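Scroll down for the structure; my scribbles are underneath it.
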Amino acid sequence: MKFIIGIGGVTNGGKTTLTNRLLRTLPNCCVVHQDDFFKKPDQIEVGEDGFRQWDVISALDMEAMVGTVKGWQENPVKFARSHGVSLSPEAVEFGSDQKGIHILIVEGFLIYNYKPLIDVYDRCFYISLPYEECKTRRSTRTYTVPDPPGLFDGHVWPMYLKHRKQMESQCDRIEYLDGMMSKDDIYSVVFESIQNTLLNNS
Ligand SMILES: Nc1ncnc2c1ncn2[C@@H]1O[C@H](COP(=O)(O)OP(=O)(O)OP(=O)(O)O)[C@@H](O)[C@H]1O
Ligand SMILES: NC(=O)c1ccc[n+]([C@@H]2O[C@H](CO)[C@@H](O)[C@H]2O)c1
């Protein structure tokens, strides 16, 4: 059985933290990080506001991302091996047929805003944060290209609000998580919920 879990959410909501814990505990679990598909800085458009437009779908090579997800769907065993994920003996034995469980986590801030990806998810989680907490957490982070002054209020947060509205209008299967809960609580809620789905489908 193949199972794809979306972990979306606002910047600094805790997507990577949650994903890394699930990767350690879910069987035969691989990951695709949307941030790995950012275009090079000189390919990122500069807006009328003077900011490089990082927080829009065109800043990402989404075709390549979909191609990577399809690669996993076609052969999860090969995908796991080429990404250094160790598989349980059962998964290896059953290869890429329907008998072994194979899980893919797709993690990122705009994973529900690209039509070709929306239908691939079996579960759609989304972590939210209030403005103040998001801004505080973001101010402690340094990306490959550090945020220039004013980027959060001038670009990141307005784009978040816009994309969230768009997501809500085109996907009705989102399961919202409160990013203010502790890391342990967020993990437990999601892990137990996935476990239930897997048990019901097995
Ligand atoms: N539940 C939580 N409570 C408090 N802090 C958290 C929680 N989850 C994550 N953090 C902290 O918030 C910061 C961002 O976490 P993380 O990198 O997991 O977020 P993210 O959503 O992947 O961010 P981005 O995709 O914008 O880079 C980190 O410093 C992390 O330790
Ligand atoms: N990973 C990167 O190359 C990069 C560069 C500049 C900005 N970002 C930020 O990453 C967040 C998504 O995780 C977005 O809010 C981008 O602003 C990422």
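Note that these values count all heavy atoms, side chains included, but never hydrogens, waters or copies made by symmetry. Order of appearance sets the numbers: ligands from 1, and atoms from 1 within every ligand. Since this is a predicted model, take the numbers as computed values, not measurements.
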Taking heavy atoms and a distance under 4.0 Å, where does Y143 meet ligand 1: side chain, backbone, both or neither? side chain
Within less than 4.0 angstrom of ligand 1, does G9 place any heavy atom? no
Which atoms of ligand 1 sit under 4.0 Å from any heavy atom of G14? 8 (N), 9 (C), 15 (O), 16 (P), 18 (O), 19 (O), 20 (P), 21 (O)
Verify the neighbour count for atom NZ of K39: are there more than 12 heavy atoms of other residues, nucleotides or ligands below 6.0 Å? yes
Non-hydrogen protein atom less than 4.0 angstrom from atom 28 (C) of ligand 1: no
Within the 4.0 Å heavy-atom shell around G179, which atoms of ligand 1 are there? 1 (N)
Between the side chains of Y187 and S182, does any donor sit under 3.5 Å from an acceptor? no
Is the closest heavy-atom distance from R138 to ligand 2 below 4.0 Å? yes
In terms of relative ring orientation, are Y112 and Y126 parallel, tilted or perpendicular, with 30° and 60° separating the classes? tilted
Who's the nearest protein heavy-atom neighbour of atom 2 (C) of ligand 2, and how far? T144 OG1, 3.2 Å
Among the heavy atoms of M180, does any lie under 4.0 Å from an atom of ligand 1? no
Tell me the protein heavy atom at minimum distance from atom 10 (O) of ligand 2, and give that distance in Å. Y143 CE2, 3.6 Å
Which residue owns the protein heavy atom closest to atom 17 (O) of ligand 2, what's the atom, and how far is it? D55 OD1, 2.5 Å
Report yes if I186 has an N/O atom closer than 3.5 Å to an N/O atom of ligand 1; otherwise report no. no
Enumerate the atoms of ligand 1 whose separation from the nearest heavy atom of T11 is less than 4.0 angstrom. 26 (O)
Between the side chains of T11 and R141, does any donor sit under 3.5 Å from an acceptor? no
I need the nearest protein heavy-atom contact for atom 13 (O) of ligand 2: residue, atom name and distance, please. D35 OD2, 2.8 Å
shortest atom 1 (N) of ligand 2-to-protein heavy-atom contact is with F38 CD1, 3.5 Å
Could you tell me whether K183 approaches ligand 1 through its side chain, its backbone, both or neither, with non-hydrogen atoms closer than 4.0 Å? both
Go through the steps to decide whether E74 and K70 satisfy the test salt bridge (Lys or Arg N to Asp or Glu O under 4.0 Å), and finish with yes or no. CA-CA 6 Å; E74 278 158 23; K70 284 199 172 135; over 6 Å; no
The atoms of ligand 1 lying under 4.0 Å from a heavy atom of S182, numbered in the order shown, are 1 (N)
Side chains of Y131 and D153, donor plus acceptor under 3.5 Å: yes
Proximity of M181 to ligand 1 by residue part, where a heavy atom lies under 4.0 Å: backbone
What's the spacing between T19 OG1 and I127 CD1 if we round to 0.5 Å? 7.0 Å
